[in-house]
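Working notes, structure below.
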There are 2 protein chains.
Amino acid sequence: MVANSASGDSVVDRIVRLIAAFPQDVHTLQLSELAERAGLPLTTTHRLVRQLAGHGLLETGPGGTVRPGLRLWELVNRTSPTLALRQAAMPFMEDIQQVLNQNVNLAVLDGWEALFVERLSRRGSVANRAQVAGRMPIHISSAGLALMAHQDKALQGQYLDQFADPDGKLTRDQARALLAETARQGFAQLKGIVDPDTWGIAVPVLNRRQHAVASLGVVVPLQEMRLQALVPALQTAARGIARRLADS
Amino acid sequence: MVANSASGDSVVDRIVRLIAAFPQDVHTLQLSELAERAGLPLTTTHRLVRQLAGHGLLETGPGGTVRPGLRLWELVNRTSPTLALRQAAMPFMEDIQQVLNQNVNLAVLDGWEALFVERLSRRGSVANRAQVAGRMPIHISSAGLALMAHQDKALQGQYLDQFADPDGKLTRDQARALLAETARQGFAQLKGIVDPDTWGIAVPVLNRRQHAVASLGVVVPLQEMRLQALVPALQTAARGIARRLADS
DNA sequence: CACCCCGTTTCCGTTCAATGGGACGTTTCC
DNA sequence: GGAAACGTCCCATTGAACGGAAACGGGGTG
């Protein structure tokens, strides 16, 4: 009846809602469930899914099951802005991981969160909350701190202005102090914040203008003893990554 | 004038054309160039880009520059069908890479091509044509052969029926024989085909029904001497990956 | 400085592709 | 065997998408 888009959203909006409706851990969704999650009428969902599946962006299985398609992954990953970063960082991340035998992660800043681009984890290493393509708020991740501490003053100002303590744990002034301390030291550390038994340490990957384009971090157990050597190792690797980025 | 879609393609088609228009190596495109590549009128391109940028799927810079957005990468990579595979395979790939100090790659079958999901390369290792999110035809990649040699007979039949020699190098019967040989041996090898100086070797990652869900491969120089040990090492790793996939 | 050129952005009347309620076929569960 | 849930198809309605035209802006040239 209501012709084009009763609810005032465009086709683009709907498509985005559709692919965003997939939760991170689930690989397959029922059509009706997808419709509900995306907040779209079943019929509309059905039509859009069929169209998207025609391009391989989604794949449909028997019984109305839907899952993200390989072609979508391909299209996005071959042109992604993170690809060059990942390529440059990978060898260094592996080196770090070999030496420490613990989790290594690579993140970029997006909005007021750290977006994790890559993670190397090892059997036997401590738990790591950072998932690939996962996010963490700036102030409860060492990656986030390392990233924000090396940004424009203007951006930091905007961030602190809108800063609202999620659990009331941190006041705005404490947040500001934490950033300043991180910038002064040249690395970020969070002891037992993300996870009570782990210690997160991250350093910025700086560009020519000394702004962080990424962060390189590790998650180690609280009793890790090699802290003195750890930060220099990370910083060396971060400089290596920066150099490779500048070359390309 | 011509209202909705003069050329008979839907909005979905256009969006796909838009994100597919980005070449793999270029990160930023001019709006007009994007329009031309996508085969869309400039005005339409502009409107769609603005909408997509509103969701963060694309990002616009000053002067009408457009690049893929972080949010797109995030959405796709957190739900991608390859994520579980990648997570399961990564540790084994690193092991192989450490031991051989050469390129390691992971691929899946999509259509009549091998789609490379992950690649670990090392400074000093030989050239490797396989890019992450890149494709290679089945018969000129060891990964492709390993994948197709362990599929349903029906699928293999369809593949061989439509098989057309790209350069006339390979007849259909030769292609069939190559697949059979690969299946018999349990691994695929191509000597100097992809690149005159390199040797590609790949083994299938098999599921419970003995079908290949992925392939694990290496690219080594022609003079590599450890071939005897190489295939068993790959096969062991492939079994390890299969076990981890089955567990989750 | 005035001019031009080329790409981006906005405007707006036309129109057809997108829409979604309804109905039907199929499977699953009680 | 009946009912509930789900996927699929149909189709009249209509406003969102379309794109030509024109305005805007900025960078280079005579």
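None of these values were measured; they are calculated from a predicted model. To find a chain, count down the sequence lines: A is the first, B the second, and so on, and within it residues start at 1.
A close approach under 4.0 Å does not occur between any side-chain nitrogen or oxygen of A:T44 and OP1 or OP2 of C:dT19. Proximity of B:R47 to the phosphate of D:dG19: no side-chain N or O atom is located under 4.0 Å from OP1 or OP2. Between A:Q51 and C:dA17, a side-chain N or O to OP1/OP2 separation shorter than 4.0 Å is absent. Not one side-chain nitrogen or oxygen of A:R14 sits closer than 4.0 Å to the OP1 or OP2 atom of D:dA16. Contact annotation: B:H46 side-chain N/O to C:dT8 OP1/OP2 distance is not under 4.0 Å.
Between A:R50 and A:V12, the residue anchored nearer the 5' end of DNA chain D, judged by the nucleotide with its closest heavy atom, is A:R50. Residue-to-nucleotide proximity on DNA chain D shows that, of A:E33 and A:V11, the 5′-proximal contact is made by A:E33.
In this structure a side-chain-to-backbone donor-acceptor pair under 3.5 Å is missing from A:Q162 to A:Q158. Between the side chain of A:E74 and the backbone N or O of B:G134, no donor-acceptor pair lies under 3.5 Å.
One can place CG of B:L29 at 13 Å from P of C:dG7, the figure rounded to the nearest angstrom. Here C:dA18 presents its C1' atom at 13 Å from CG of A:L40, a figure rounded to the nearest Å. The CG-P distance, from A:D9 to C:dA18, rounds to 14 Å in whole Å. Rounded to whole angstrom, the span from the CG atom of A:L34 across to the C1' atom of D:dA5 amounts to 17 Å. To the nearest angstrom, C1' of D:dG25 lies 14 Å from CD of B:Q30. Atom CG of B:L42 is separated from atom C1' of D:dA21 by 12 Å (rounded to the nearest Å). B:D13 places its CG atom 15 Å from the P atom of D:dA17, with the value rounded to the nearest Å.
Distance from the side chain of A:S10 is smallest for D:dA17 among the nucleotides C:dA18, D:dA17, C:dG20. The side chain of B:T43 approaches D:dG20 more closely than any other nucleotide in the set C:dG21, D:dC6, D:dG20. For B:S32, the listed nucleotide lying nearest its side chain is C:dG7; candidates were C:dA18, C:dG7, D:dT8.
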Problem set entry | Step-by-step side chain to side chain contact (heavy atoms under 4.5 Å, CB included) determination, B:F22 to B:R37 | CA-CA 8 Å; B:F22 284 91; B:R37 282 179 161 279; over 6 Å; no
For this session: Run the numbers on B:L155 and B:W112 for side chain to side chain contact (heavy atoms under 4.5 Å, CB included), then give the verdict.
Result: CA-CA 10 Å; B:L155 190 68; B:W112 306 137; 3.9 Å; yes
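Between A:S10 and A:D13, the side chains place a donor N or O and an acceptor N or O closer than 3.5 Å (distance only, hydrogens not considered).
Across every strand in view, C:dC1 sits in a pair with D:dG30 that passes the Watson-Crick or G-U test at under 3.5 angstrom.
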